[in-house]
Q: 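Have a look at the structure that comes next, please.
Per chain, numbering begins at 1; letters A, B, ... match sequence-line order.
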There are 2 protein chains.
Amino acid sequence: MSNSEDKTVQAIGVDVPVSQILSVEKAQRMAEFFGVLGDPNRWRILSALALKELRVGELAEAVDMSESAVSHQLRVLRTMRLVSYRKQGRSVYYCLKDDHIFNLYQEASEHLDEPDD
Amino acid sequence: MSNSEDKTVQAIGVDVPVSQILSVEKAQRMAEFFGVLGDPNRWRILSALALKELRVGELAEAVDMSESAVSHQLRVLRTMRLVSYRKQGRSVYYCLKDDHIFNLYQEASEHLDEPDD
DNA sequence: ATTATCCATGAATAACTGTTCAAGTATCTG
DNA sequence: CAGATACTTGAACAGTTATTCATGGATAAT
C-alpha cells in the first residue's frame with residue numbers, strides 16, 4: 001500500500017486505486033533483491049554452490065574469477081541471505097541458504113523458453 | 001553446460017564438475033532477465049498493470065513518473081516480454097503478458113519475509 | 001618466530017543504467 | 001490545414017556497480 005489517502009487515477013472508465021500499487025519502499029526491496037540476481041557471475045557462483053559446498057578459492061577456480069572478485073560477490077549474496085558459510089581453519093565454506101533460488105531459476109527459465117507469440 | 005571438456009576442480013575430496021556450472025551465455029540471459037526486475041520503478045509499473053490495462057499517460061500519473069521515463073521503461077519490459085500492448089487511436093494500452101511475474105513476486109516475498117536465523 | 005595460505009576489505013577505475021530534455025511521429029480536432 | 005494530444009526516441013548526464021589492485025587479518029606450517 002502506497003498512500004494513506006486512497007487517491008485514484010482515472011482509466012478506462014474505472015479508477016485505478018493507487019493504494020494498490022507497490023509502495024516505493026516495497027518496490028525498492030524487490031528491486032534490490034532481484035538486482036542481486038542481475039549479474040551473470042553471481043549466477044555462476046550460485047550454480048556452482050548448487051552442486052556442493054565450496055571454499056572461496058575453489059569457487060574462484062570453478063567460475064574463473066579472481067578470489068577477490070568472488071569474495072566481493074559473496075558478500076552481496078550473503079547480504080541477501082542467498083548463501084551461508086562456515087569457517088574451518090583458514091578456509092570458508094559457502095553453500096546455498098535455501099532453495100528459493102531454484103524456484104526463481106525455474107520460473108525464469110520457463111518465461112525465457114516461452115515461444116515469442 | 002559450460003565447457004566441452006569435462007574439466008573439474010578439486011573440492012572437499014570430490015571433484016566439482018565445471019560442466020554443470022551455468023554457462024556464461026545462460027548466466028548472461030538469466031542476469032539480463034532478473035536485471036530488468038532490479039529497478040523499483042519497473043516494479044511499480046508492473047504492479048499497476050497487474051490491476052488493469054493502462055495507457056502510458058495513466059501509468060505515468062499512477063506511478064508518478066514522466067511519460068518519457070515510463071515509455072523508456074516499457075520498452076525494457078517489452079524486450080523481456082513482460083508486457084504487451086495494443087494501440088487504439090493515439091493511445092497505447094499496456095498490460096502484463098503472463099503471470100510468471102506473479103510467481104516471481106511471491107517467491108521473492110517469501111524469501112524476503114523469512115526470519116534471519 | 002617466520003613464512004605461506006586463505007580470505008576480506010577499501011579505494012580507484014571503467015562500464016552500465018535511468019532519468020531528463022529536446023525533438024520527432026502519428027492521430028485526432030476544429 | 002493548423003494545433004493539440006499521446007507516445008516514442010536519441011543524446012547527455014548523474015548515479016550506480018563490478019572488477020582490479022594493494023593491503024591487512026587470521027590461521028597453519030616449518
Q: Is the closest basic N to carboxylate O distance between E58(B) and R55(B) below 4.0 Å?
A: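 Result for this pair is yes, salt bridge flagged.
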
Q: Are R42(B) and L37(B) packed together at the side-chain level, in the sense that at least one heavy-atom pair is separated by less than 4.5 angstrom?
A: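 R42(B) does not reach L37(B) side chain to side chain.
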
Q: Might you list the N or O atoms of the protein lying below 3.5 Å from N or O atoms in nucleotides 5-8 of chain D, with each pair's distance?
A:
residue: dT5(D); atom: O4'; partner: R90(B); partner atom: NH1; Å: 3.2
residue: dT5(D); atom: O2; partner: R90(B); partner atom: NH1; Å: 3.3
residue: dA6(D); atom: O3'; partner: R90(B); partner atom: O; Å: 3.4
residue: dC7(D); atom: OP1; partner: V56(B); partner atom: N; Å: 3.2
residue: dC7(D); atom: OP1; partner: V92(B); partner atom: N; Å: 3.3
residue: dC7(D); atom: OP2; partner: G57(B); partner atom: N; Å: 2.8
residue: dT8(D); atom: OP1; partner: Y94(B); partner atom: OH; Å: 2.7
residue: dT8(D); atom: OP2; partner: S71(B); partner atom: OG; Å: 2.7
residue: dT8(D); atom: O5'; partner: S71(B); partner atom: OG; Å: 3.3

Q: For S47(B), give me all partners under side chain to side chain donor-acceptor pair (under 3.5 Å), at least two apart in sequence or on another chain.
A: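 For S47(B), no residue satisfies side chain to side chain donor-acceptor pair (under 3.5 Å) once neighbours in sequence are set aside.
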
Q: With sequence neighbours left out, write down each residue that passes side chain to side chain donor-acceptor pair (under 3.5 Å) with N103(B), or none if nothing qualifies.
A: E107(A)

Q: Are the charged groups of E114(B) and K97(A) less than 4.0 angstrom apart, N to O?
A: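 Judged by the 4.0 Å cut-off on N to carboxylate O distance, E114(B) and K97(A) do not form a salt bridge.
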
Q: Measure the shortest side-chain to side-chain distance between F33(B) and L104(B) over non-hydrogen atoms and say whether it is less than 4.5 angstrom.
A: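 Yes, their side chains come closer than 4.5 Å.
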
Q: What integer distance in Å separates Q73(B):CD from dT9(D):C1'?
A: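 Nearest whole value for this atom pair: 14 Å.
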
Q: Suppose we screen for side chain to side chain donor-acceptor pair (under 3.5 Å). Which residues come up paired with Y94(A), at least two apart in sequence or across chains?
A: R78(A)

Q: Hey, what bend do you get for the helix from dA1(C)-dT30(D) to dG30(C)-dC1(D) if you fit axes on five pairs at each end, rounded to 10°?
A: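 So the angle between the two local helix axes works out to 10°.
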
Q: I want to confirm an ordering. Mapping Q88(A) and R42(A) to their closest nucleotides on DNA chain D, which one lands closer to the 5' end?
A: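 Mapping each residue to its closest nucleotide by heavy atoms, the 5'-most match is R42(A).
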
Q: Are side-chain N/O atoms of R75(B) and Q73(B) paired as donor and acceptor at under 3.5 Å?
A: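 No pair is found: no donor N or O on one side chain lies under 3.5 Å from an acceptor on the other.
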
Q: Looking only at heavy atoms, what is the nearest atom pair of M30(B) and A108(A), with distance?
A: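 Residues M30(B) and A108(A), closest heavy atoms: SD-CB, 3.9 Å.
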
Q: For the CG atom of L74(B) and the CG atom of L46(B), what is their distance to the nearest 0.5 Å?
A: 9.0 Å

Q: Please find the earliest and latest nucleotides of DNA chain C, in the 5' to 3' direction, that have an atom within less than 4.0 Å of any heavy atom of chain B.
A: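 First-to-last contact on DNA chain C, by the 4.0 Å heavy-atom rule, is dG18(C) to dC28(C).
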
